[in-house]
Asks: 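Here it is, the structure, as structure tokens.
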Protein chains: 4
Amino acid sequence: MEFNNNKPIYLQIADYVFDKILSGEWTAGERIPSVRELGANLQVNPNTVVRTFDFLQGESIIFNKRGIGYFVAEEALQRIVKLNRAKFFSSQLPSMFKTMNALGISCTEILTQYEDFIKQ
Amino acid sequence: MEFNNNKPIYLQIADYVFDKILSGEWTAGERIPSVRELGANLQVNPNTVVRTFDFLQGESIIFNKRGIGYFVAEEALQRIVKLNRAKFFSSQLPSMFKTMNALGISCTEILTQYEDFIKQ
Amino acid sequence: MEFNNNKPIYLQIADYVFDKILSGEWTAGERIPSVRELGANLQVNPNTVVRTFDFLQGESIIFNKRGIGYFVAEEALQRIVKLNRAKFFSSQLPSMFKTMNALGISCTEILTQYEDFIKQ
Amino acid sequence: MEFNNNKPIYLQIADYVFDKILSGEWTAGERIPSVRELGANLQVNPNTVVRTFDFLQGESIIFNKRGIGYFVAEEALQRIVKLNRAKFFSSQLPSMFKTMNALGISCTEILTQYEDFIKQ
DNA sequence: GTGGTCTAGACCACC
DNA sequence: GTGGTCTAGACCACA
């Protein structure tokens, strides 16, 4: 996996987990890979994965059974959607509108870009 | 001036300079405040302003006359717009599209939000 | 390490890094000493080393892995040679020719000196 | 006059004076332009010219008659040549040889460049 | 552990 | 006065 330099790796791993759950690959109640396993898989220090799991557990998206591993929470899917939608509408979108305004970028430009993005 | 904790202060000062130039308050060839002056003005350590000016000079937005001060470059305005547009289209927009996709947010939803934003 | 007063220390440290890479002591992909380590080693404030590394990263001679350290870039060697050659032919050489001209120093005189230099 | 950023302006003005004397335009015993005159002429702060003249007087290349102005010293020409030759052979040349060595630049390359330089 | 940022204060060359 | 550099020491996010 390749990591973006603008965002902490542990959050990018969280996004990776989100993808797995949103896509249905990992379902509620299912055990997810261990810290070491995922670390080796993504070529990342296990400590970094620990941090991701800490974060996800704090958001009640995964939970821990001591000595066994981490599991996808029941409400994981809804929580992820909720979490991301909230962030999207409260922070990502307004900041985008602001820079659009400042740079004189029109909505039609965005729509064109979006169509290009979909086609890929 | 109040600073956001998510972004280095020296880059926020760069944004401040961008604003001044984009708004036409500081024009090409004009001298801008000295490191010490701006530092005192924004309640920031002069060294932090030095760092901002280093960055802006690297981007050819300001230039230096030794012993005199910093001046707005001729092409400053265009460079700023170009810089910001590049960042917008290469990083901000794609990341937005990705989360839109993941969360099933449609373009029409965005447009509605945009109209609300404009009205404010 | 002893530093020359005519040139900023952080650039002299850059030259030190250049030497290490040109001599093959540090090879592409290899991790280089940390800011603190090199600072202690060269008896220089770590911040000064930070500045060197900033410069070298800007020139794409080293790159950074967050939380891990700095590494020699793949193309480092070529870039260093290119950088130094550019500086030599665009600035050092013409200024030498100019003073040769002004002082009436001939090429043969230079060649003699060069042979002496080689012998040492 | 255009100034190079690598060298203090006051020393570049000194080079300008050297040129005038070496070319015979200003001869021994002759009065040279006043600080204000030269400052206006070269678009430089008069204080900077003062510094140049200080330096030149220290090197006994010009001398001062109070209330009248600065004059070219008798031995000016020889001193300039001596000064520049000394600097050339003791510092400029060795440093050039060093970088030639480090970058693998041969003498023939230099000679070719020199011929190009002469033709201009 | 790593680098990134910031402050405070100092000294310097230069204009 | 200006910027350029350096030190010392601090706090932080990240791996």
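Chain A is the first sequence line, chain B the second, and so forth, proteins listed ahead of strands; every chain is numbered from 1. Heavy-atom basis, side chains included; hydrogens, waters and symmetry copies ignored.
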Asks: Which heavy atom in D:Gln57 sits nearest to a heavy atom in D:Asn64, and how many Å separate them?
Replies: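 Minimum heavy-atom contact is NE2-CB, 3.2 Å.
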
Asks: Rounded to the nearest 0.5 Å, what separates atom OG in D:Ser90 from atom CZ in D:Phe88?
Replies: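 If I round to the nearest 0.5 Å, the distance is 10.5 Å.
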
Asks: Can you measure C:Asn45 atom CG to E:dC11 atom C1' for me and round it to whole angstrom units?
Replies: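 Answer to the nearest Å: 15 Å.
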
Asks: Whether B:Arg66 contacts E:dC15 is assessed here as follows: a side-chain N or O lying under 4.0 Å from the phosphate OP1 or OP2. Is that the case?
Replies: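 For E:dC15, OP1/OP2 do have a side-chain N/O of B:Arg66 under 4.0 Å.
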
Asks: Would you say B:Thr48 reaches E:dT5's phosphate, i.e. side-chain N/O to OP1/OP2 under 4.0 Å?
Replies: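 So the side-chain polar atoms of B:Thr48 never come under 4.0 Å of the phosphate oxygens OP1 or OP2 of E:dT5.
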
Asks: Taking only side-chain N and O atoms of B:Ser34, does any of them lie within less than 4.0 angstrom of OP1 or OP2 on F:dT2?
Replies: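 Yes, because at least one side-chain N or O of B:Ser34 sits under 4.0 Å from OP1 or OP2 of F:dT2.
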
Asks: Starting at CD1 of D:Ile9 and ending at P of F:dT2, how long is that distance when rounded to a whole Å?
Replies: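 Answer to the nearest Å: 17 Å.
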
Asks: Applying a 4.0 Å non-hydrogen cut-off, can you work out what C:Phe53 is touching in the nucleic acid: base, sugar-phosphate, or nothing?
Replies: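 Result for C:Phe53 = nothing.
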
Asks: So which nucleotide from E:dC15, F:dG3, E:dT5 ends up closest to the side chain of B:Tyr70?
Replies: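 Comparing E:dC15, F:dG3, E:dT5 against the side chain of B:Tyr70, the answer is F:dG3.
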
Asks: Which sits closer to the 5' end of DNA chain E, C:Ile68 or B:Pro8, going by the nucleotide each is nearest to?
Replies: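 Result: C:Ile68.
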
Asks: How many Å lie between OH on B:Tyr10 and C1' on F:dC12, as a whole number?
Replies: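 The distance from OH of B:Tyr10 to C1' of F:dC12 comes to 15 Å, rounded to the nearest Å.
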
Asks: State whether B:Arg51 places a side-chain N or O below 4.0 Å from either non-bridging phosphate oxygen (OP1 or OP2) of E:dT5.
Replies: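 So the side-chain polar atoms of B:Arg51 do come within 4.0 Å of the phosphate oxygens OP1 or OP2 of E:dT5, strictly under.
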
Asks: If you take atom types as modelled and just measure distance, does the side chain of B:Arg36 reach the base of F:dG1 with a donor-acceptor pair under 3.5 Å?
Replies: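 Check fails, no donor-acceptor contact within cut-off.
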
Asks: So does C:Asp15 pair up with C:Lys7, basic N to acidic O under 4.0 Å?
Replies: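 Yes, charged N to carboxylate O under 4.0 Å.
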
Asks: Check the distance between E:dC12's P and C:Asn4's CG and give it to me in whole angstrom.
Replies: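 Roughly 16 Å, once rounded to whole Å.
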
Asks: Reading DNA chain F from 5' onward, which residue's closest nucleotide shows up sooner: A:Lys7 or B:Arg31?
Replies: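 Nearest-nucleotide comparison on DNA chain F picks B:Arg31.
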
Asks: Whole angstroms only, please: what is the CD-P distance between D:Gln12 and E:dA13?
Replies: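 D:Gln12 atom CD is separated from E:dA13 atom P by 18 Å.
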
Asks: By nearest heavy atom, map C:Lys65 and B:Leu11 onto DNA chain E; which one lands nearer the 5' end?
Replies: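 Closest to the 5' end, via its nearest nucleotide, is C:Lys65.
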
Asks: Cation-pi check for C:Tyr70 against C:Lys65: NZ or CZ below 6.0 Å from the six-membered ring centre and within 45 degrees of the axis, yes or no?
Replies: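 No.
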
Asks: From CD of B:Gln57 over to P of F:dT2, roughly how many Å is that when rounded to an integer?
Replies: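 For the pair B:Gln57 CD and F:dT2 P, the rounded distance is 17 Å.
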
Asks: Looking at every strand, decide which applies to B:Asn47 at a 4.0 Å heavy-atom threshold: base, sugar-phosphate, or nothing.
Replies: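 Base contact.
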
Asks: Does the structure show a Watson-Crick or G-U wobble partner for F:dC14, both distances under 3.5 Å? Name it, or say none.
Replies: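 Partner of F:dC14: E:dG1.
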
Asks: Under 3.5 Å, is there a donor on one side chain and an acceptor on the other for B:Gln92 and A:Ser95?
Replies: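 The answer is yes; a qualifying pair exists.
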
Asks: I need the C:Ile61 CD1 to C:Phe53 CZ distance, nearest 0.5 Å.
Replies: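 Answer rounded to 0.5 Å: 12.0 Å.
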
Asks: Base, sugar-phosphate alone, or nothing: which one does B:Val44 contact when heavy atoms must sit under 4.0 Å apart?
Replies: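 Touches sugar-phosphate only.
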
Asks: If I take atom CD in residue B:Gln43 and atom P in nucleotide E:dT7, what distance separates them, rounded to the nearest angstrom?
Replies: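 These atoms are roughly 11 Å apart.
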
Asks: Round to a whole Å and report the spacing from CG of B:Asn64 to P of F:dG1.
Replies: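 The answer, rounded to whole Å, is 18 Å.
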
